[in-house]
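Notes for the one structure printed next.
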Protein chains: 2
Amino acid sequence: MFTYMCRTCGCSFRSRDFGNIERFIEPCILLLLSKGSSHGYGLMEDLKKHCGEKVDIGGLYRTLRRMERDGWVKSDWEKNKSGPDRRTYTITSEGKDFLKSATSSLTRTDKLIHRFLEGYQKSQTV
Amino acid sequence: MFTYMCRTCGCSFRSRDFGNIERFIEPCILLLLSKGSSHGYGLMEDLKKHCGEKVDIGGLYRTLRRMERDGWVKSDWEKNKSGPDRRTYTITSEGKDFLKSATSSLTRTDKLIHRFLEGYQKSQTV
DNA sequence: CTTACTATATGATGTTTACATATATGTGTA
DNA sequence: TACACATATATGTAAACATCATATAGTAAG
């Protein structure tokens with residue numbers, strides 16, 4: 001979290017969170033779905049643990065629809081006795097491929113962070 | 001790098017690199033400036049090493065002006081005999097504060113990546 | 001005088017994020 | 001029955017950001 005001055009009107013406001021990984025939620029979703037199919041609302045709690053403390057539920061649903069359009073997941077409506085029906089998502093083989101490539105991208109990102117943190121620590125000890 | 005289908009017309013195309021850190025270039029710039037003042041064009045080569053292989057020079061200049069507006073750096077024009085004049089940037093105390101808070105954000109991001117990578121490896125070995 | 005390198009900056013466009021709002025079903029309870 | 005509340009999915013909007021292209025200008029070499 002990081003607060004500073006609004007860039008247009010000068011008022012105090014909260015910026016977009018700093019240091020987050022772009023679209024990190026997508027491989028997180030795929031990793032969860034690779035363990036078993038689930039639906040949007042059900043994925044929420046697990047994602048809080050994996051992707052940080054807060055998850056935008058609206059964005060989550062939009063992301064899931066986009067991932068289906070991209071072929072990484074497929075969905076089916078599932079009858080629910082104790083509440084509204086659910087759209088259940090299942091990972092596809094393309095989704096598994098993306099999950100794999102995302103893992104190597106994240107490994108590369110991890111190295112960049114490490115290089116940065118090492119550089120910062122060096123600059124502090126001198 | 002990651003190629004997939006265009007979301008509107010169906011053609012094959014290269015997406016924005018996946019797994020990038022939002023605004024990672026800003027703490028990288030500040031870390032470099034904390035070692036000594038520099039100018040936009042001069043920061044380029046160093047940033048390629050720290051922020052990944054490619055740096056958008058237009059975006060770099062815009063970022064530097066924004067960082068000055070936010071108070072993290074200040075700039076002065078410097079005469080240059082062998083070429084166009086340079087706008088030299090220097091880190092401020094607010095910039096050093098941000099650099100410190102960015103470091104803890106990135107440490108938190110690093111933990112999220114590690115948790116993800118561990119989870120992925122577990123899912124592969126089972 | 002043309003090309004290349006250095007140097008800074010803006011225009012245009014698309015993507016992502018963040019927050020708000022809309023809609024609907026089932027459960028408990030006053 | 002009416003109401004609040006949890007579950008469940010979805011869209012509207014606007015700011016911020018990324019990406020690629022283009023504009024401008026000084027200096028030096030051929």
Side-chain angles (χ1 to χ4, degrees), chain A residues 1-26 29 38-45 47 51-70 73 75-89, chain B residues 1-2 4 6-9 11 13-26 29 38-45 47 51-70 73 75-89:
Chain A
M1 232 73 72
F2 191 65
T3 60
Y4 66 125
M5 290 297 119
C6 169
R7 283 163 180 170
T8 45
C9 70
C11 66
S12 179
F13 100 119
R14 264 180 55 190
S15 83
R16 269 171 82 164
D17 274 356
F18 173 83
N20 287 339
I21 302 156
E22 288 173 24
R23 292 167 55 196
F24 184 47
I25 202 171
E26 297 181 41
I29 288 168
S38 188
H39 62 287
Y41 198 86
L43 286 165
M44 241 198 324
E45 283 301 313
L47 285 169
C51 298
E53 55 294 321
K54 65 181 200 301
V55 172
D56 175 28
I57 184 68
L60 173 56
Y61 285 116
R62 229 188 302 241
T63 298
L64 284 166
R65 304 314 312 276
R66 192 176 61 198
M67 288 170 74
E68 179 160 30
R69 194 173 58 192
D70 289 344
V73 296
S75 71
D76 296 291
W77 282 99
E78 186 191 301
K79 280 281 162 207
N80 183 6
K81 294 169 199 165
S82 63
D85 289 352
R86 295 161 167 174
R87 187 191 282 276
T88 300
Y89 287 93
Chain B
M1 232 75 71
F2 189 66
Y4 66 126
C6 169
R7 284 165 178 165
T8 46
C9 70
C11 67
F13 96 118
R14 262 179 58 187
S15 82
R16 268 168 77 170
D17 274 357
F18 177 82
N20 287 339
I21 303 158
E22 289 175 24
R23 293 166 56 194
F24 184 48
I25 202 171
E26 297 180 40
I29 289 168
S38 188
H39 62 287
Y41 198 86
L43 287 165
M44 243 197 325
E45 284 300 314
L47 285 169
C51 298
E53 54 293 323
K54 65 179 198 300
V55 172
D56 176 27
I57 185 67
L60 173 56
Y61 285 116
R62 233 188 299 242
T63 298
L64 284 166
R65 303 315 312 276
R66 192 175 63 200
M67 290 170 74
E68 179 159 31
R69 195 173 56 191
D70 290 343
V73 295
S75 72
D76 296 289
W77 282 101
E78 187 191 301
K79 280 281 163 208
N80 183 5
K81 292 170 200 165
S82 64
D85 290 351
R86 295 161 167 175
R87 187 190 283 276
T88 301
Y89 286 93

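Chain letters run A, B, ... following the sequence lines, proteins first and then strands; every chain starts at 1. This structure is a prediction, so every number in the text was calculated from the model and none was measured. For the numbers below, each heavy atom of this structure counts, side chains included, while hydrogens, waters and symmetry mates do not.
Within 4.0 Å (heavy atoms only), A:G59 reaches no atom of the nucleic acid at all. Across all strands, B:G58 comes closer than 4.0 Å to base atoms (heavy-atom distances).
For the pair B:R86 CZ and D:dA25 P, the interatomic distance rounds to 20 Å; values are reported in whole Å. When rounded to the nearest whole Å, the span between CZ of B:F24 and C1' of D:dA18 equals 16 Å. Regarding A:Y61, its OH atom lies at a distance of 4 Å from the P atom of D:dT9, rounded to whole Å. For B:L60 and D:dC17, the CG to P distance is 15 Å, given to the nearest whole Å. As a whole-Å value, the separation of A:E22 CD from D:dA16 C1' is 12 Å. The CD1-P distance, from A:I57 to D:dT7, rounds to 11 Å in whole Å. Atoms CH2 (B:W77) and P (D:dG26) sit 12 Å apart, rounded to a whole Å. When rounded to the nearest whole Å, the span between OH of B:Y41 and P of C:dC5 equals 8 Å.
Shown here for A:Y89 and A:E68, the closest heavy-atom pair between the two residues is CE2-OE1, 4.0 Å.
Across the interface with DNA chain D, nearest-nucleotide mapping of A:P84 and A:R65 shows A:P84 to be the residue nearer the 5′ end. With the nearest nucleotide of DNA chain C identified for both B:G40 and A:I25, B:G40 has the one nearer the 5' end. Nearest-nucleotide positions on DNA chain C for A:T63 and A:S82 put A:T63 closer to the 5' end.
Of all nucleotides listed (C:dA9, C:dT16, D:dA10), D:dA10 comes nearest to the side chain of A:Y89. Distances were taken from every side-chain heavy atom of A:R87 (C-beta onward) to each of C:dT8, D:dA18, D:dT9; the shortest belongs to D:dT9. Listed nucleotides: C:dT6, C:dT16, D:dT19. Nearest to the side chain of A:R66: C:dT16. Looking at the side chain of B:R23, the nearest of the listed nucleotides C:dA7, D:dA18, C:dA18 is D:dA18.
A donor and an acceptor atom sit less than 3.5 Å apart, one in the side chain of A:R62 and one in the base of D:dG12.
Proximity of a side-chain donor or acceptor of B:D85 to a complementary backbone N or O of B:N80 within less than 3.5 Å is detected.
At the phosphate of C:dA7, OP1 or OP2 sits under 4.0 Å from a side-chain N or O atom of B:N80.
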